[in-house]
Peer 1: 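Here you go, one structure.
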Amino acid sequence: MNDIIAPYMGPSIIDVTSVRPKLVDLDNGTLMGAQREKPGFPEVFDELSKAIPQYGETLGIHPGIWQKILDKTATLDEIRALKKDVLKLAEVLEESELYYEDAREADISRIGGFVDATAQHGDPSVQAAFHKTRAYRSQYAKKAADQRRKNKQARAETDAEPGTETKAPSPA
C-alpha cells in the first residue's frame with residue numbers, strides 16, 4: 001500500500017451477545033438531561049468500595065445499592081470495550097466507502113474522457129451510447145457554469161442601475 005492507505009487490522013466481527021440483554025434502544029429525546037460520568041469517577045468508586053462496607057449500615061444504605069453500582073460499572077466496562085471497536089469499524093467503513101466512491105467516480109470520468117476524445121477525433125456516434133454517463137460526469141461543472149452566468153448577470157444588472165450618488169454639500 002502507501003503511507004495514506006493502510007489495511008484495516010481490527011476485528012471484522014464484533015459480537016455483542018454478552019451484553020445484548022442489557023442493551024437499550026430508547027426513543028429520541030428520552031435521555032435529554034441524562035447525567036454522564038464526571039471526571040474523578042475512579043477515585044469516587046475507590047472511596048465507595050471502602051466506605052460503603054464500613055459505613056453503609058450506619059448511613060442506612062441498603063447493601064443492594066452498592067451491588068447495583070458494581071453491576072452497572074461492569075456493564076459499562078463491557079459496553080465501552082465493544083463500543084471502541086464498533087466506532088473504529090464504523091470510521092473505517094465510512095472512509096472505505098469514500099475511498100471506493102472517489103475511485104469509481106475517477107473511473108467514470110476517465111471513460112467520459114475516452115468518449116469525448118473518440119467523438120472529437122474519430123467516431124462521434126459514441127456520444128449517444130454514453131449520453132447519461134457524459135451528463136453524470138459533467139453535472140457539477142454545468143451547475144458551476146450556470147452559477148457563474150447568474151452571478152455575471154446579477155453584476156451587470158447592478159452596474160446598470162442608476163447610481164444614487166449624494167452630492168457633497170456646498171460651502172456656505
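Computation of the quantities below employed the complete heavy-atom set of this structure, encompassing side-chain atoms and omitting hydrogens, waters and symmetry-equivalent molecules.
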Peer 1: Do the side chains of F41 and I65 join up, straight or via other hydrophobic residues, at under 4.5 Å, putting them in one cluster?
Peer 2: yes
Peer 1: Where do D107 and R110 land on the salt bridge (Lys or Arg N to Asp or Glu O under 4.0 Å) test, with the steps shown first?
Peer 2: CA-CA 5 Å; D107 291 342; R110 273 192 221 80; 2.5 Å; yes
Peer 1: Y136, I111: one ILVMFWY side-chain cluster at the under-4.5 Å cut-off?
Peer 2: no
Peer 1: Looking at residues at least two apart in the chain, or sitting in another chain, which of them share a side chain to side chain donor-acceptor pair (under 3.5 Å) with D46?
Peer 2: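 In terms of side chain to side chain donor-acceptor pair (under 3.5 Å), with neighbours along the sequence ignored, D46 is linked to K50.
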Peer 1: Does a sphere of radius 6.0 Å around CD in E94 hold more than 12 heavy atoms from other residues, nucleotides or ligands, not counting ones at 6.0 Å or beyond?
Peer 2: no
Peer 1: Would you mind reporting whether I52 and L59 have side-chain heavy atoms less than 4.5 Å apart?
Peer 2: no
Peer 1: Mind checking side chain to side chain donor-acceptor pair (under 3.5 Å) for T17 and listing every partner two or more places apart, or none if nothing turns up?
Peer 2: D15
Peer 1: Using a 3.5 Å distance criterion without hydrogens, assess whether the side chain of S109 forms a donor-acceptor pair with backbone atoms of E105.
Peer 2: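 Pair absent, no side-chain N/O of S109 close to backbone of E105.
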Peer 1: Where is the tightest heavy-atom contact between L48 and P53, given as atom of each residue plus distance?
Peer 2: O-CD, 3.7 Å
Peer 1: I'd like to know whether CZ of R20 has more than 12 heavy-atom contacts from other residues, nucleotides or ligands below 6.0 angstrom.
Peer 2: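 Result for CZ/R20: open.
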Peer 1: So if you build clusters from Ile, Leu, Val, Met, Phe, Trp, Tyr with side-chain heavy-atom gaps below 4.5 Å, do Y100 and I108 land together?
Peer 2: no
Peer 1: If hydrophobic clusters are built from ILVMFWY residues whose side chains come within less than 4.5 Å, do M9 and L87 share one?
Peer 2: no
Peer 1: What's the verdict on side-chain contact (heavy atoms from CB on, under 4.5 Å) for L93 and E97, showing C-alpha distance, side-chain angles and the deciding distance?
Peer 2: CA-CA 6 Å; L93 289 170; E97 177 186 22; over 6 Å; no
Peer 1: Measure the CD1-NZ distance between I14 and K84 for me, rounded to the nearest 0.5 Å.
Peer 2: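 I14 CD1 to K84 NZ: 11.0 Å, rounded to 0.5 Å.
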Peer 1: About how many Å separate OG1 of T133 and CD of Q127, when rounded to the nearest 0.5 Å?
Peer 2: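 Going from the CD atom of Q127 to the OG1 atom of T133 covers 12.5 Å.
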Peer 1: Go through the structure and list residues passing salt bridge (Lys or Arg N to Asp or Glu O under 4.0 Å) with E157, not counting sequence neighbours.
Peer 2: none
Peer 1: Residues in side-chain contact (heavy atoms from CB on, under 4.5 Å) with T58, at least two apart?
Peer 2: none
Peer 1: Is it true that K142 and D146 have a side-chain N and a carboxylate O under 4.0 angstrom from each other?
Peer 2: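 Salt bridge flag = yes for D146 with K142.
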Peer 1: With a 4.5 Å cut-off on side-chain heavy atoms, are L31 and L26 touching?
Peer 2: yes
Peer 1: If I take atom CG from residue L70 and atom OG1 from residue T75, how far apart are they, to the nearest 0.5 angstrom?
Peer 2: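 Atom-to-atom, L70:CG and T75:OG1 are 11.0 Å apart.
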Peer 1: First locate atom OG1 of T30, then atom CG of N28, and finally report the distance between them rounded to the nearest 0.5 Å.
Peer 2: 7.5 Å
Peer 1: Could I get the full list of side-chain contact (heavy atoms from CB on, under 4.5 Å) partners for K88, not counting sequence neighbours?
Peer 2: Y8, E91, V92
Peer 1: What's the spacing between Q147 CD and N151 CG if we round to 0.5 Å?
Peer 2: 4.5 Å
Peer 1: For E37, which residues count as a side chain to side chain donor-acceptor pair (under 3.5 Å) partner, sequence neighbours excluded?
Peer 2: R80
Peer 1: What's the shortest heavy-atom distance between R137 and G112, and which atoms?
Peer 2: NH1-C, 3.3 Å
Peer 1: Kindly work out whether a path of hydrophobic side-chain contacts (I/L/V/M/F/W/Y, heavy atoms less than 4.5 Å apart) joins L89 to V16.
Peer 2: yes
